[in-house]
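For the single chain, residues carry numbers from 1 onward in sequence order.
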Amino acid sequence: MRRLAARGAAGDAEEAAAPASEDSSDCVQCRSPSPRRLIDLCAIWDTGVSLPFADWKGASSGVASRRLNEAEKLSSLWEAHLEQQEAAKPQGLGSREWGLVLRMARQQAPPWVNAAFLLFLLSLGGAIEIPMDLTQPPTITKQSVKDHIVDPRDNILIECEAKGNPAPSFHWTRNSRFFNIAKDPRVSMRRRSGTLVIDFRSGGRPEEYEGEYQCFARNKFGTALSNRIRLQVSKSPLWPKENLDPVVVQEGAPLTLQCNPPPGLPSPVIFWMSSSMEPITQDKRVSQGHNGDLYFSNVMLQDMQTDYSCNARFHFTHTIQQKNPFTLKVLTNHPYNDSSLRNHPDMYSARGVAERTPSFMYPQGTSSSQMVLRGMDLLLECIASGVPTPDIAWYKKGGDLPSDKAKFENFNKALRITNVSEEDSGEYFCLASNKMGSIRHTISVRVKAAPYWLDEPKNLILAPGEDGRLVCRANGNPKPTVQWMVNGEPLQSAPPNPNREVAGDTIIFRDTQISSRAVYQCNTSNEHGYLLANAFVSVLDVPPRMLSPRNQLIRVILYNRTRLDCPFFGSPIPTLRWFKNGQGSNLDGGNYHVYENGSLEIKMIRKEDQGIYTCVATNILGKAENQVRLEVKDPTRIYRMPEDQVAKRGTTVQLECRVKHDPSLKLTVSWLKDDEPLYIGNRMKKEDDSLTIFGVAERDQGSYTCVASTELDQDLAKAHLTVLADQATPTNRLAALPKGRPDRPRDLELTDLAERSVRLTWIPGDDNNSPITDYVVQFEEDQFQPGVWHDHSKFPGSVNSAVLQLSPYVNYQFRVIAVNEVGSSHPSLPSERYRTSGAPPESNPGDVKGEGTRKNNMEITWTPMNATSAFGPNLRYIVKWRRRETRDTWNNVTVWGSRYVVGQTPVYVPYEIRVQAENDFGKGPEPDTVIGYSGEDYPRAAPTEVKVRVMNSTAISLQWNRVYSDTVQGQLREYRAYYWRESSLLKNLWVSQKRQQASFPGDRPRGVVSRLFPYSNYKLEMVVVNGRGDGPRSETKEFTTPEGVPSAPRRFRVRQPNLETINLEWDHPEHPNGILIGYTLRYVAFNGTKVGKQMVENFSPNQTKFSMQRADPVSRYRFTLSARTQVGSGEAITEESPAPPNEATPTAAYTNNQADIATQGWFIGLMCAIALLVLILLIVCFIKRSRGGKYPVREKKDVPLGPEDPKEEDGSFDYSDEDNKPLQGSQTSLDGTIKQQESDDSLVDYGEGGEGQFNEDGSFIGQYTVKKDKEETEGNESSEATSPVNAIYSLA
């Protein structure tokens, strides 16, 4: 079992919910002379590291030694206060206990704790700021970086913001000359800011604006300067075109493939890949240097399997440029690339490659030098060739490498030292060695330094007649020079000031007057850079004032370190003193420490530190004071922690986590698995004091952390769950037997009867071929819920006897249920009853509330206690209440239910409420006090001075005077605006006058109402809302929204009556939102992925139709239509024209393209009419054919008739009249086509031509032609004639 603890104390009410640190461990347990006494022997500070207090009872030296590692969380900075702590030992704390606290405090804190605490200390000594309502010179608050690189595709933004009173004005210089923004239409300055915006949307080259810029912020009290900002445009040039010949190299020789990327700004990131975009595998033998070249310490035949391309990735454009690939040809004595030789212990000799001593490929020679600036990273690189591949090692002459800053990169070929300082200068050397020998290269490192601050000038706030100084100290290598300026001008050219004296890096002011106000600049520079700092001198005569809200509430955990803030201002700078509970002694020293900015630090909070603290700021002009109320809360601790467990798969595991916490704080218990939030699924059950996992699986294995947290602190405890897989059982006869639920346990027996416990024993039933995994013990009591069974506890399937912990005054009856992987057994028969003796309640009812149901009452409710917490007969509740402000005597009443109504109460006043449990054996513990409120009444006042400001066509801003708190008569829920649309500014447009509302929660004086209709008249009223309802309404305000953009046109339709024309129709927008001035139609032709030029048509507001001629029959069109008002174009709607017909299959294409009309009624009617005409035509043809004469054909050809031939009994065929005769030997099929019969007799035999021409003019040539001979017509079932239906579709 592992235990973690982390508690954080809140600095004020807003910080009360700040999360505590996750890095935590245990505290020390010690034994107190009082067995019921609990105490926290741990210390905490604002970084959130804490040690939880522990129960004295049952502590052991083993537990104490295990938990002492928590003391390592405390910082060595605490050492300075140990002597003061000795004198400030809390009353009632033994010497041994206090010694443990001091011993833990002396432990070394981790580095991050020291850093956090150092920042905390620096914040306490920060400069005092002038409130913005007082006059003051400008101060630069935001500016761009000195080297400002911009993307050429975007607009340029150069930031410069400043504060001051009066608000400063801004101007710029470019390349040390005044930059006239008004003359350049592309350049603008943001409102109330000095930020420059250079807009290239209308053209222009960003390179024309490169240069050095400086911002000046000025008001009547001085001028502040920004840094000199060097503006550069990012560049990503193309790779120069080149033809690379194949690189031929002998196997085993070194090789360098040069990249030579184009010079970009900033420099590109280089990486090597093949032309197929596969990364080049790098190792000790093949690697990329810092300059981008690819180095082969020795070339092997396998290197020829791919080509090599250098790639440059440019940051701003997010593009990758690829160089033409190198092709590598390796000459070898062993032409076969046998992969088995790669793992050969002597690969080179196996391939016939001669071994050789190392030599450096980079850098050249035996020595080189390198210069680096202080604070930057130093990168040293050595790349060597040789066979076998050499190993690289790094050393520093005369000392060791800085282990905390040095790290090796690129397979030890590079040494990186971060955050270089002067101590890192000297000689470094790299040693390259293989079995043939070694060689080394020495690198002389010189560390230079750009200027850095030793003492940066700070703003100077003086009263008239006071003295002061500005100090500007910086260091660097070479030593930087210091130049003073005032209001942006050299100090030498400024008007003389008899009260000012310059002494090198210091300006001394004596007997300052109002005229001495100015902004001073200190510029310190050397060849490697510069620093520029602004510091103003402000001369003010201001009495003390407090800058923080009054009467703050700060809650803090017992034994924590905390800080009470009291920000103040005055000139002369006031002195600040702290007092507690109105006592006259100043709080400073011992357990208290007052910082320069007025904050009071209490090093270790005790119960007696609770109270009201007053800070008083005093100068010669007066004094000001503020109060802070400090409440001390008990810490949260887990007193029963989850234990490490080993469980079999399929069993049930329970992890306990029982917590004690301050009852006035809300407790939240959550679980983590492997330090991630745990999802509580169907197999898990989370209760207040445990986590149960049913049917454990392998995925449940891991660490489980219980996190108990309140608004102020938290405690953690961790345990590890190990899941054992099922062991394989030998195959036997039982393995094939069916498994079932176990039989019920039997013969329950109660023994070892005690006041609060009993032993239950049972005999297991048959497991039915599936081992029993768990036993569930249930109980029933006959007083509160007779006949209802509750789970009491769960035990492993290997036990059949267990000790049960019991509650007082419960008449218990038990039963047992067995569980295996198939399911649960039936419950056992109940045991005999056992009643425990009674006792006073050990807890009180929870969820106590006091709320009014009417304006003159307060209903007190609570959650009643159950049978196991009653502890005795005749359970009842003592309810107490009193007015909170008056502190009157308590009213009390005894209640047997779960509610009580207090009558005749004033409207919405706070009450202190207590509910205590009591039975016949006595009363429960002293209850906690809960604050409740009597009933609310409707608010009596309405917001006044309601002001409406129209923001845009759909939104307004509201501002009002807040009502007095005594008129709310309840909890102010929100301010609410009721508004309705009275009319539209468009004539004859009906509008809905339904009332709408906008809510503004909390006590606020302003808000925004949005989603209004443009171009409309509105009315608005304001009310105050509490828990009872709305208050009276304010005076009605009227306002008009301006014109807006319209909604999309309605029912936009695209029709294509033929292949040449497209018709468009639409209706007016549903919401014009103003006076329509026209419509804009944009359309573009497209064919697949090809898109044509966009065309634009503008129409009058009354036009709702448009026709256009298609440019070609293949392309489709995409139309986008929007309506316009004077404000602009509104929402657009887009439609596309139908797909064009397919010329290869005209009938199908026609059907597809006319799919939009195929469902129209007129089209369906037309098709029905055509079908009816075709049917009539076929009937007429049939009748005429039946009326025809008879023609003997047996004489023409002596061919027997088929059974299907139409004939009369005399053997003659029917034929129709000459004018309307279908083919002889054909019949009309069901689909309207004409089908040729088997007969070989046809009109061709009686015509004049052998090819079947019907008449001389050729009008029917080929229409009714058939083959002459029967042999030629066999198998040809259909005639060449076209049916009437086909003829109709042909015409279409």
Pairs meeting criterion ring pair (Phe, Tyr, Trp, His ring centres under 6.0 Å) with involvement of residues 418-442, two or more places apart =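 The answer is F360-H441, Y395-F429.
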Which residue pairs pass the ring pair (Phe, Tyr, Trp, His ring centres under 6.0 Å) test when at least one of the two sits in residues 250-300, sequence neighbours left out?
->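 For residues 250-300, and leaving out neighbouring residues, the ring pair (Phe, Tyr, Trp, His ring centres under 6.0 Å) pairs sorted by first residue read F296-Y308.
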Nearest-0.5 Å distance, [atom1] of residue [X] to [atom2] of residue [Y]:
X    : Y    : atom1 : atom2 : value
S226 : Q214 : OG    : CD    : 5.0 Å
S144 : I156 : OG    : CD1   : 11.0 Å
R230 : I149 : CZ    : CD1   : 8.0 Å
R446 : L373 : CZ    : CG    : 10.5 Å
R313 : S236 : CZ    : OG    : 13.0 Å
D151 : L157 : CG    : CG    : 13.0 Å

Beyond-backbone contact of [X] with [Y], side-chain heavy atoms, under 4.5 angstrom:
X    : Y    : value
T524 : Y530 : no
V387 : N434 : no
S438 : P358 : no
T389 : D283 : no
V249 : L328 : yes
Q321 : P261 : no
M304 : T332 : no
R285 : D303 : yes

Have S275 and D307 got a donor and an acceptor in their side chains that come within less than 3.5 Å?
->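 Judged by distance alone, the side chains do pair up.
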Return yes if a side-chain donor-acceptor contact under 3.5 Å exists between E423 and S421, otherwise no.
->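 The answer is yes; a qualifying pair exists.
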Of all heavy-atom pairs between [X] and [Y], which one has the smallest distance, and what is that distance?
X    : Y    : value
S309 : Q322 : OG-CG, 2.8 Å
A449 : R374 : CB-CB, 3.7 Å
C430 : I392 : CB-CG2, 4.3 Å
Q701 : L721 : CG-O, 3.1 Å
I270 : C310 : CG2-SG, 3.5 Å
I158 : I229 : CG2-CD1, 4.0 Å

Backbone N or O of [Y] within a donor-acceptor pair of the [X] side chain at under 3.5 Å?
X    : Y    : value
T195 : C160 : yes
N526 : H528 : yes
Q143 : N227 : yes
K323 : C259 : yes
E381 : Y362 : no
D455 : C472 : no

Can a salt bridge be assigned to the pair K448 and E527 using a cut-off of 4.0 Å between side-chain N and carboxylate O?
-> no
Salt-bridge contact D391-K284 (side-chain N to carboxylate O under 4.0 Å) = yes
Considering residues at least two apart in sequence or located in another chain, which fulfil the salt bridge (Lys or Arg N to Asp or Glu O under 4.0 Å) criterion with E210?
->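 Expected list: K235.
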Run through D377, T418, D424, N419 and flag the one making a side-chain hydrogen bond (donor to acceptor under 3.5 Å, both in side chains) with K405.
-> D424
Audit row: Y348, N298, side-chain hydrogen bond (donor to acceptor under 3.5 Å, both in side chains) steps and yes/no | CA-CA 10 Å; Y348 296 99; N298 50 75; 3.0 Å; yes
